[in-house]
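Following: one structure in structure tokens, then a few remarks.
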Amino acid sequence: MKKFLLPIILISSFISAQIPAGYYDGTTGLTGYALKSKLHDIIAAKNINWNYGDLQNLFNQTDLDRYYDHDTTNTTILLDIYSEKPDGPDSYEYTSSQMIGSAGAEGLGWNREHMIPQSTFSTSSSISDYPMYSDLNFLIPADARINQLRNNYPYGIGGNTNFYNFTNTSRMSNAAIPNYPYTGRVYEPINEFKGDIARTLLYFVVRYEGKLGSFNTAYSTSSTITSATDQCPFDGTEERAVDLPYIEMLKQWSTSDPVSQREIDRNNAVYSIQKNRNPFIDHPEWINMIWSETPDTMAPLVPSSLVSTQQNAHFVNLSWSPSSDTDILGYRIYVNGSITPVATTKNTSISIDHLDPSTTYNFTVKSFDKGYLESPQSNTVTATTLASDSYTSDLMIVKYIEGTGNNKALEIVNKTGHEVNLNNYRINIQLYNNTSGNYYSADTYELEGKVGNNESVVILNPNATLSCYTNDQARFVTASDPMTFSGSQYLELAYNKTVAVDAIGAKFTSNSNANVSLYRKNTTTQPNSTFNISEWDSYTVDYCQNLGTLSTYDAVLAQNNEFKIYPNPVNENIFVTGKTENVKSAQILDFSGKVIYTEKNPFKNKKNISVQSLTAGSYLLKLDDKTYQFIKK
């Protein structure tokens with residue numbers, strides 16, 4: 001925007017005054033993709049994710065036109081960057097009440113516009129994925145007709161062939177982006193808003209780093225294409241994220257159209273609503289600092305000494321020596337000769353999960369660098385999973401709060417024995433259509449980040465008023481469909497979008513969990529995709545005692561271990577290494593907490609404890625205040 005633009009030097013000082021103290025801690029000295037990843041960690045943490053239906057009213061806080069035709073503090077007119085005429089009266093204007101579904105001409109009403117099309121990230125045409133679906137940082141009010149015609153086409157520089165010309169001179173045209181192979185249709189905004197759009201698109205690829213590889217990132221090079229499918233400029237990578245010629249266009253747009261007062265105000269308003277910011281409005285110089293990598297053309301050296309350090313029933317741990325190159329971005333892990341990696345990491349160790357018990361796997365690792373060149377494969381390591389172990393096979397829902405109004409909460413715990421990547425998980429819900437009389441899968445909520453072994457995460461509805469828990473305490477806060485349950489719906493924790501891991505209620509029926517808080521019994525040691533009420537304790541409406549707090553048993557397991565026990569599983573004697581001479585008491589307990597065996601000063605003259613008398617099963621060995629799980633064969 002040009003109107004009310006401040007000089008660049010003033011913009012910098014003004015914006016800095018609006019950024020919460022410490023918000024960008026840890027970014028000093030970083031450049032390139034390392035800076036991008038750090039910014040992701042900052043802006044992806046502790047967001048409040050509102051329902052898509054809330055946006056109509058929220059735009060009254062973020063998108064009122066106080067900058068062009070209505071320079072007042074009490075205007076009710078929305079600012080539509082697709083139809084705004086900066087130098088004269090607009091052809092039409094809207095208030096928030098004029099939202100419509102579709103339109104055959106400009107000026108009939110407005111839509112909620114995803115500047116990154118929903119087709120990029122949604123599961124299907126009928127299911128939308130939160131938190132992307134309602135992220136205010138890339139949703140705006142826009143004329144319904146222009147929104148329809150823009151469809152899923154990318155933004156870009158237009159060529160000589162115009163398909164549609166709009167009232168403010170923005171247009172749909174054939175693409176003419178320098179050095180970019182896509183020549184299909186693009187929507188070219190007016191110059192006044194090109195920087196706004198560039199900074200928004202780059203926000204998206206920072207905010208959703210870690211998920212970009214699962215998004216629709218294909219594009220067509222056909223010059224005759226007229227449909228609006230598969231035309232996203234994202235390149236499928238997590239770090240670089242965007243095709244380089246397209247990045248150059250966005251850089252130019254951001255430079256030629258600097259940060260405006262509207263963007264500053266909107267950034268602050270969005271932060272007050274959903275608690276994260278667009279870093280490129282606060283620091284537009286970071287765009288060049290991130291997308292300035294100059295990779296070499298040589299493939300990196302191979303990582304070496306790949307070993308399997310632990311084998312369990314459903315996961316194995318791998319580690320390796322790093323490649324000696326200085327431009328390594330990460331490592332890809334392959335299993336059984338597949339050409340598609342089973343996992344990617346920036347570290348030199350990883351847990352590979354969702355494996356089958358009593359199964360042999362062959363693993364290799366390749367490094368990849370800033371040019372996305374891949375090394376030769378490492379040595380092959382063969383690992384065989386155990387028949388069983390004492391860990392859970394997957395994440396578990398352990399608390400389900402169904403309270404009055406919006407008092408909805410879930411707690412999910414990780415007892416798998418390893419860190420879990422939450423990017424692979426989501427919460428799904430099945431709703432009932434009163435008109436058709438059919439059940440259907442509603443919009444879904446995707447989890448993010450990682451959760452350590454013996455850690456739990458709480459998901460809370462942002463409108464909840466529970467006495468024991470607040471938005472600030474919850475890991476995830478969302479008003480998406482899954483967190484509006486009333487106890488009659490089927491709710492599930494799913495892996496890889498559709499594989500049910502754990503569930504509340506039954507499918508295709510009305511359930512009877514209204515006004516009930518369900519807590520998983522300690523005797524339930526595995527998730528269950530088929531709901532069984534006998535695995536749960538029922539409490540009154542709004543009951544939320546110990547929500548987000550590990551039980552005493554879990555808390556003990558989470559402490560730093562000082563000893564190592566082996567073998568596990570065990571036949572006759574379990575051995576303990578470490579400073580065992582100071583252990584005053586050893587106890588063996590079953591999973592209900594019942595003490596089966598006690599021995600004082602157990603390691604005064606030996607290093608083992610006999611378990612010959614135990615029946616086969618899973619147990620706990622408690623050494624003073626440290627607890628370890630083991631299996632008796």
Side-chain angles (χ1 to χ4, degrees), residues 40 44-52 114 116 118-135 204 207-217 238 274 314 342-344 353-354 392-402 408-414 416 419-431 439-452 455-462 474-485 489-507 527-531:
H40 161 78
K46 290 289 186 179
N47 294 175
I48 297 179
N49 177 231
W50 298 97
N51 191 277
Y52 187 62
H114 291 84
I116 302 296
Q118 291 182 63
S119 61
T120 304
F121 55 79
S122 287
T123 300
S124 68
S125 59
S126 61
I127 299 177
S128 295
D129 295 4
Y130 288 88
M132 294 78 70
Y133 187 41
S134 63
D135 185 343
F204 184 91
R207 169 64 182 87
Y208 296 105
E209 182 177 302
K211 289 185 173 291
L212 299 177
S214 66
F215 290 168
N216 173 17
T217 57
E238 298 295 344
Q274 66 180 40
H314 297 280
V342 67
T344 301
D353 56 12
H354 291 89
T392 60
S393 60
D394 216 317
L395 301 179
M396 290 176 62
I397 302 173
V398 292
K399 296 185 182 77
Y400 167 93
I401 311 301
E402 203 295 281
K408 320 293 182 186
L410 296 174
E411 183 176 346
I412 298 170
V413 71
N414 176 15
T416 63
E419 183 180 70
V420 170
N421 185 350
L422 293 174
N423 283 319
N424 299 320
Y425 292 84
R426 57 174 52 190
I427 304 296
N428 295 327
I429 191 170
Q430 188 181 78
L431 299 180
Y439 289 90
Y440 66 97
S441 295
D443 297 331
T444 188
Y445 180 72
E446 296 194 2
L447 305 183
E448 303 176 77
K450 297 179 180 179
V451 58
E455 292 182 356
S456 67
V457 297
V458 171
I459 310 172
L460 189 68
N461 187 299
R475 172 76 176 270
F476 301 107
V477 182
T478 177
S480 57
D481 288 356
M483 293 306 294
T484 60
F485 55 82
Q489 299 89 359
Y490 169 79
L491 190 78
E492 71 178 12
L493 172 66
Y495 175 75
N496 275 355
K497 299 188 177 182
T498 59
V499 179
V501 170
D502 211 359
I504 308 289
K507 288 185 175 180
N528 190 350
S529 60
T530 302
F531 180 68

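All values derive from a computational prediction rather than experimental measurement.
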[X] versus [Y], closest heavy-atom pair with distance:
{"X": "L491", "Y": "P482", "value": "CD1-O, 3.5 Å"}
{"X": "A500", "Y": "E492", "value": "CB-OE1, 3.3 Å"}
{"X": "R207", "Y": "A44", "value": "NH1-CB, 3.4 Å"}
{"X": "P131", "Y": "E448", "value": "CG-OE2, 3.7 Å"}
{"X": "K46", "Y": "A474", "value": "NZ-O, 2.8 Å"}
{"X": "R426", "Y": "D129", "value": "NH2-OD2, 3.0 Å"}

Inset, instruction - State plainly whether the residues K450 and E455 are in salt-bridge range, i.e. N to O under 4.0 Å. - result: no

Legend entry - Pair F121-E446, side-chain contact (heavy atoms from CB on, under 4.5 Å): steps then yes or no: CA-CA 11 Å; F121 55 79; E446 296 194 2; over 6 Å; no

Inset, instruction - Dump the intermediate steps for side-chain contact (heavy atoms from CB on, under 4.5 Å) on I504 and F485, then the final yes or no. - result: CA-CA 11 Å; I504 308 289; F485 55 82; over 6 Å; no

Which residues satisfy the side chain to side chain contact (heavy atoms under 4.5 Å, CB included) test with [X], sequence neighbours excluded?
{"X": "N414", "answer": "L395, T416, V420, V451, N453"}
{"X": "V501", "answer": "D394, Y425, L493, Y495, P527"}
{"X": "H314", "answer": "P357, S393"}
{"X": "A506", "answer": "T509, N511"}

With a 4.5 Å cut-off on side-chain heavy atoms, are [Y] and [X] touching?
{"X": "L410", "Y": "M483", "answer": "yes"}
{"X": "Q489", "Y": "Y439", "answer": "no"}
{"X": "L447", "Y": "I412", "answer": "yes"}

Just how far is it from atom [atom1] of [X] to atom [atom2] of [Y], taken to the nearest 0.5 Å?
{"X": "H114", "Y": "S134", "atom1": "NE2", "atom2": "OG", "result": "7.5 Å"}
{"X": "I429", "Y": "T444", "atom1": "CD1", "atom2": "OG1", "result": "10.0 Å"}
{"X": "S529", "Y": "K507", "atom1": "OG", "atom2": "NZ", "result": "8.5 Å"}
{"X": "T392", "Y": "D502", "atom1": "OG1", "atom2": "CG", "result": "9.5 Å"}
{"X": "Y440", "Y": "I127", "atom1": "OH", "atom2": "CD1", "result": "10.5 Å"}
{"X": "D481", "Y": "I427", "atom1": "CG", "atom2": "CD1", "result": "13.0 Å"}

Legend entry - Residue pair N47 / N49, side-chain donor-acceptor N/O under 3.5 Å: no

Inset, instruction - Using distance alone, with no hydrogens and no angle criterion, decide if D443 and Y52 have a side-chain donor and acceptor under 3.5 Å apart. - result: no

Inset, instruction - Specify whether Y133 and Y130 have parallel, tilted or perpendicular ring planes, treating 30° as the upper limit for parallel and 60° as the lower limit for perpendicular. - result: perpendicular

Inset, instruction - Quick one: list whatever passes side chain to side chain donor-acceptor pair (under 3.5 Å) with R475, sequence neighbours left out. - result: none

Inset, instruction - Give the intermediate values and the outcome of side-chain contact (heavy atoms from CB on, under 4.5 Å) for residues F215 and M132. - result: CA-CA 11 Å; F215 290 168; M132 294 78 70; 4.2 Å; yes

Inset, instruction - Using the side-chain contact (heavy atoms from CB on, under 4.5 Å) rule, take K408 and T484 through it: C-alpha gap first, then chi angles, then the decisive distance, then the call. - result: CA-CA 7 Å; K408 320 293 182 186; T484 60; 6.0 Å; no

Legend entry - ring pair (Phe, Tyr, Trp, His ring centres under 6.0 Å) partners for Y490, two or more places apart: none

